[in-house]
Structures are given as C-alpha cells and as structure tokens.
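Beneath this line is the structure, given in structure tokens, with notes to follow.
What's counted below: heavy atoms across the whole structure, side chains too, no hydrogens, waters or symmetry copies.
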Amino acid sequence: MTIVVMAEAVERDACTLLAEYDAGSWEPSEAERVLADGLARSPWDGPAFRAVLRDATYDVRQDRLIDVLDPAVAVFENAGAGPARLAVLTLRRLGDTLAD
C-alpha cells in the first residue's frame, strides 16, 4: 500500500469517527479518551506518536480509535506530503475533539 493510499484511508477513517462523534452515534470509551488526552499533550511527530500508541492499554486496543491510529504511524513519517499532511491534521482535530 502506498503512503498516499494509506494517508487517504487514515484521513477518511478519522473523518468518519469525527462525524459519528458529532452525530452522537459513536461515543469513545474512557480508555480512548485517556489515549486522546495523551496524544493531545504530546508533540505530533512520529516518535512521540509511536510512544503513546506503544503505551496504549489492552482496553483501548479493543476499541475503534486504535484502528485509526495504528496505521497513522507510517503517515507521520511522511507528513510533509499532501495527503499525509491532511491525514495528520485530521487526526489532530480528532484527538483534540476527544480530549476536550
């Protein structure tokens, strides 16, 4: 899978979660909120992102947010490219929304 395809998928999945959250059809678990809070407090770069995901609890690994975040590590490594940059910005918006 190319980075462009992966970035577009991550961006699409993050937008889907945001839309479902805004519509009230998806509510993050407490573990997902803790994870989002950790991301919001971290620098948004590859190593910091990897560290937060590495420390994710078993509970959060059973939820939906991690399915969007796990493939994003590769996107972070290419965040300067157009689709990758958009995916990172959308992930940031998702993380900030859930951390509020």
Side-chain angles (χ1 to χ4, degrees):
M1 179 180 291
T2 68
I3 192 61
V4 171
V5 172
M6 183 172 289
E8 289 171 347
V10 167
E11 198 266 336
R12 181 185 59 245
D13 291 347
C15 282
T16 298
L17 279 185
L18 274 168
E20 290 178 9
Y21 178 77
D22 289 342
S25 60
W26 173 67
E27 186 66 31
S29 69
E30 183 59 31
E32 288 173 311
R33 288 191 182 276
V34 169
L35 178 63
D37 190 52
L39 287 172
R41 295 172 191 249
S42 298
W44 277 73
D45 60 25
F49 195 79
R50 255 187 240 93
V52 170
L53 291 181
R54 184 181 56 242
D55 294 340
T57 65
Y58 175 80
D59 291 341
V60 82
R61 295 209 170 272
Q62 307 308 306
D63 294 325
R64 289 184 62 197
L65 181 59
I66 200 74
D67 292 338
V68 175
L69 299 178
D70 266 344
V73 172
V75 173
F76 268 96
E77 294 169 354
N78 296 283
R85 182 168 171 72
L86 179 59
V88 169
L89 291 173
T90 304
L91 286 170
R92 180 91 192 227
R93 193 176 72 181
L94 175 62
D96 289 348
T97 298
L98 299 180
D100 284 344

Exercise. With sequence neighbours left out, what residues match E20 under side-chain hydrogen bond (donor to acceptor under 3.5 Å, both in side chains)?
Worked result: R64
Problem set entry | Residue list, side-chain hydrogen bond (donor to acceptor under 3.5 Å, both in side chains) with R41, at least two apart or on another chain | D37
For this session: Mind checking side chain to side chain contact (heavy atoms under 4.5 Å, CB included) for V52 and listing every partner two or more places apart, or none if nothing turns up?
Result: L35, L39, S42
Problem set entry | Shortest non-hydrogen contact from V73 toward F49 | CG2-CD2, 3.9 Å
Quiz: residues 5-19 side-chain donor-acceptor pairs under 3.5 angstrom, not counting sequence neighbours:
| unit_1 | atom_1 | unit_2 | atom_2 | d |
| --- | --- | --- | --- | --- |
| E11 | OE2 | T90 | OG1 | 3.3 |
| T16 | OG1 | R12 | O | 3.0 |

Problem set entry | Those residues that, when tested against E27, pass side-chain hydrogen bond (donor to acceptor under 3.5 Å, both in side chains) (two or more places apart) | R33
For this session: Please name all residues satisfying salt bridge (charged side-chain N to carboxylate O under 4.0 Å, His left out) with D96, sequence neighbours left out, ordered by chain then number.
Result: R92
Exercise. Any salt bridge (charged side-chain N to carboxylate O under 4.0 Å, His left out) pairs touching residues 47-61, not counting sequence neighbours?
Worked result: R50-E77, R61-D70
Exercise. Going by heavy atoms in the side chains, are V34 and E30 under 4.5 Å from each other?
Worked result: yes
For this session: For D67, enumerate each residue passing the side-chain hydrogen bond (donor to acceptor under 3.5 Å, both in side chains) test, keeping only those at least two apart in sequence or located in another chain.
Result: none
For this session: Can you measure from CH2 (W26) to CD (E32) and round to the nearest 0.5 angstrom?
Result: 5.0 Å
Problem set entry | Over all atoms of both residues, closest heavy-atom pair of V60 and A56 | CG1-CB, 3.4 Å
Problem set entry | Student check: side-chain heavy atoms of L91 and V75 closer than 4.5 Å | no
